[in-house]
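The next block holds one structure in the form of structure tokens; read it before the comments.
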Amino acid sequence: MKLTRNTIRDVIPRLALRLGLAGAIVLWLTASSALAQQIPIAGTAAPQTGDYTLSDGSDVTQAEFPGQLDTDAGPGPYPGTIVNRSLSTGAGHGASVNSGKKAKSNPQFNTGFEGLNLYQQRYARGGNQFTVEPPDQGLCAGNGFVLEAVNDVLNIYNTSGQSVLPDNTATNIVAGFPRNVNHAVDLNSFYGYAPAINRSTGVRAQFVTDPSCYYDAATQRWFVVVLTLETNPNGSFTHVNHLDIAVSQTSDPTATWNIYKVDVTNDGTNAGGVNPCPCLGDYPHIGADANGFYITTNSYPWATNGFDGAQKYALSKAQLAAGAASVTIQHIDTFGAVNQPSEAGSTQPGFTLWPAQSPGALSFDLNAGGTEYLLSSNAADEATHPVSGSAGNRTSSQLVVWALTNTSSLNTSTPAISLSNQVLTVNQYGVPPKQQQPGSGTLATTDTPQGFCINDTTTSTIAGIGCWRLLFGIEPAHNEVISRPDSNDTRMQQVMYGNGKLWGALDTAINPDGGAQRAGVAWFIVKPDVSKGSLAAKVALQGYLGAAGHDFTYPAIGVTPSGRGVMAFTDTGDTTNPSAAYAPIDAVVGVGPWSDVTGGLGAAQDDGFTSYKSQVGNPPRTRWGDYGSAAVDGNSIWIASEYIAHTCSYTNWGGPFFTGGTGDNLLGTCAGPSHGPGSRAALGNWSTRISKLTP
């Protein structure tokens, strides 16, 4: 079979770096330059599996991916050395980052469990799904529930980790047998769409991606947002894409939800006539203040190699919570409202503006008519070279703070919100190198059975001699190696506004203990203020987290109303399989000693299809993360990160597809002769880990 890329954002070549900005406040938009409209309710939904055609093992298609080749190798790492210039030691200190201390005692660990995994994702809705990586985790918690959404399934748990959705095992028939996916429901079902692929006909439906979720304690409503791309029956994209917003009708997420849709196809058109839309509203993320619910996207033109700015959508939270027939929305294009920036100009279009979420029901800034804060970085090419999409130097010492004020006007018929920003000088950060895992760069072993299968030319299988025949019609090269999983670029990750401060983190290159460059985390605690009518922000505390022999990637911070927090991330290393990790954070000492979460230590190396050049092209880009998540629930914090939860021997991976073998009639699930549940799918082995801690 032809193995191709799994995620739409790589249709648009991704960019990466830094724009020199003045340190003064720049007022970008006023009410007159932002568009307000009404969006009608599009229908209702519930977390229940929709209709589908049963899979009987004789499907007309064995397609595993949406169909776009992943040719993007990702941005190259910043080539220099990142040194520690924290405020406590003064600029220009020049010392390499010290390894973060490994925790001896941790914030109180309450509970933890494996969340969604690739087996559940691939075989939900009767197997009428694609193989997808990375998972892209949305996590929210409250009212006794924990909701997790990934590409492309969701589940809802009680606080002990048991799914509270109906058991769908008996009706979830794949290849003739019931499949236990722990009650998981595919996102196409949740939003009322046909299956991602009908495996009896090959017809494809909407492509749903990039889920995020939020529980709002003030309204006691749940919010789940995805980007949905419309497709033709053959899977080609029409270029029409929209944000789908699901809002629970009550505080119970297992009941009925309302659905609203925001078309983002042409948002970014006003970018000076350069890089015209249709555009892709990529990487949506969500936040909320006392008055509004906010979504931001990165707008990429389908036809050119450029960037059309971050787009921001402000909606009335009260109207969403009430299930209004139509909801007020105000759209702000951070690119189109200013003159087209030059490649080295004094302005930037904004890239990955991550809106803040607030813990509890009272942790909002009510100044300036209500204020929502956002953070962004500017080391990416999207910020420095948005017109041409060419590369910059991929490093920066600036952090951009944004304030959306007068948000209370969203509850009127004539909303008049304004967006301003301020650029702060911070520690240097730069695009990190790829992660290391045990054996990276050496030939795949039986511990990575998919990679070993591609290299295998001697095993007797039902398709002939050589395991590779189970995956390919044309013989590939037999030199696949254990991969180096992808690190993020330097885009901002999850942002919180708690205890009167903004909390955020991003991925960066660092040099722990003066040694080799590794992937690490730069974190920031910012004190914003709009009480005097304009944005005035300052860095309260900042620093790095890294460790010799380890790579830390995809951070996500949760902070309680009292200002005690936890930062989640993935830990990989020279001798550490991909693991779920965390560190405490507060505004007094910053980030404390780190630890792998209880039960979150990786059991094996990553063995996903994006690791192998014969499947996705050379060089491969081993997709990982895209983002983790943290959610505040009272005085506790739930965190979620990608990791590898299970081992799978080569013999069990091949099962009856190897001559004389036994086991599941689905290749690579390691589900055994009882047909499940499996620990992985043939083409990947990611899992997610959900943990609750009290800092």
Side-chain angles (χ1 to χ4, degrees), residues 24-39 214 216 218-219 221 223 243 245 260 262 267 270 285-297 309-322 324 326-338 347 349-350 353-358 360-376 400-424 495-498 500-502 526-538:
I25 297 172
V26 181
L27 187 64
W28 285 58
L29 296 174
T30 62
S32 61
S33 60
L35 303 177
Q37 56 182 311
Q38 297 287 316
I39 56 168
Y214 171 66
D216 186 68
T219 60
R221 293 295 184 270
F223 298 80
L243 301 174
I245 308 166
Y260 299 86
V262 180
D267 293 344
N270 295 323
H285 286 289
I286 60 180
D289 72 344
N291 307 298
F293 178 74
Y294 308 96
I295 310 172
T296 59
T297 67
Q311 310 294 311
K312 183 155 183 58
Y313 306 89
L315 299 90
S316 168
K317 186 171 72 173
Q319 293 172 7
L320 288 170
S326 62
V327 173
T328 301
I329 181 173
Q330 191 162 350
H331 167 224
I332 297 174
D333 181 348
T334 62
F335 201 173
V338 296
T347 60
L353 275 66
W354 200 300
Q357 298 180 5
S358 294
L362 301 174
S363 298
F364 305 118
D365 191 338
L366 303 181
N367 289 300
T371 299
E372 166 70 4
Y373 293 108
L374 310 90
L375 289 176
S376 69
V400 189
V401 183
W402 306 75
L404 186 62
T405 54
N406 197 30
T407 63
S408 57
S409 67
L410 288 169
N411 295 319
T412 71
S413 59
T414 56
I417 56 178
S418 296
L419 184 66
S420 59
N421 72 13
Q422 181 181 0
V423 180
L424 302 178
V495 175
M496 293 287 296
Y497 177 75
K501 302 173 186 67
L502 275 172
V526 174
K527 179 67 174 176
D529 186 4
V530 293
S531 61
K532 297 181 180 179
S534 61
L535 174 60
K538 61 182 181 181

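Treat the numbers as computed from the prediction; the structure is a model and nothing was measured.
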If we only count heavy atoms from C-beta on, is the Val495 to Leu502 side-chain gap below 4.5 Å?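 Yes - at least one pair of side-chain heavy atoms lies under 4.5 Å apart.
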Please examine the side chains of Asp529 and Lys538, heavy atoms only from C-beta on, and report whether any two atoms are closer than 4.5 Å. no
Say you draw a straight line from [atom1] of [X] to [atom2] of [Y]; how long is it, rounded to the nearest 0.5 Å?
| X | Y | atom1 | atom2 | value |
| --- | --- | --- | --- | --- |
| Ile286 | Tyr214 | CD1 | OH | 9.0 Å |
| Leu353 | Leu419 | CG | CG | 7.0 Å |
| Ile39 | Ile245 | CD1 | CD1 | 5.0 Å |
| Lys317 | Asn411 | NZ | CG | 9.5 Å |
| Asp289 | Asp216 | CG | CG | 9.5 Å |
| Ile332 | Asp267 | CD1 | CG | 12.0 Å |

What pairs with Tyr373 under ring pair (Phe, Tyr, Trp, His ring centres under 6.0 Å), at least two apart in sequence or on another chain? Tyr497
Option from Trp402, Tyr294, Tyr313 for which side chain to side chain contact (heavy atoms under 4.5 Å, CB included) with Pro355 holds: Tyr294
Are Asn291 and Thr407 linked by a side-chain donor-acceptor pair shorter than 3.5 Å? yes
Would you kindly say whether Thr296 and Gln311 are connected by a side-chain donor-acceptor distance under 3.5 Å?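 Result is no, nothing qualifies.
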Shortest non-hydrogen contact between [X] and [Y], atoms and distance:
| X | Y | answer |
| --- | --- | --- |
| Gln38 | Ser326 | OE1-OG, 3.3 Å |
| Pro528 | Leu535 | CB-CD1, 4.5 Å |
| Ala288 | Phe364 | O-CE2, 4.2 Å |

Sub-3.5 Å donor-acceptor pair from the side chain of [X] to the main-chain atoms of [Y], do we have one?
| X | Y | value |
| --- | --- | --- |
| Glu372 | Ala356 | yes |
| Ser316 | Thr328 | no |
| Asn406 | Ala416 | yes |
| Ser358 | Ser363 | yes |
| Gln330 | Leu410 | no |
| Ser408 | Gly369 | yes |

Test side-chain contact (heavy atoms from CB on, under 4.5 Å) on Leu375 and Val401 and set out the steps. CA-CA 5 Å; Leu375 289 176; Val401 183; 3.8 Å; yes
Where do Thr334 and Asn421 land on the side-chain contact (heavy atoms from CB on, under 4.5 Å) test, with the steps shown first? CA-CA 11 Å; Thr334 62; Asn421 72 13; over 6 Å; no
Holding to salt bridge (Lys or Arg N to Asp or Glu O under 4.0 Å), I want the full list of residues that pass it with Lys312, two or more places apart in sequence or in another chain.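 Listed in chain order: nothing, the list is empty.
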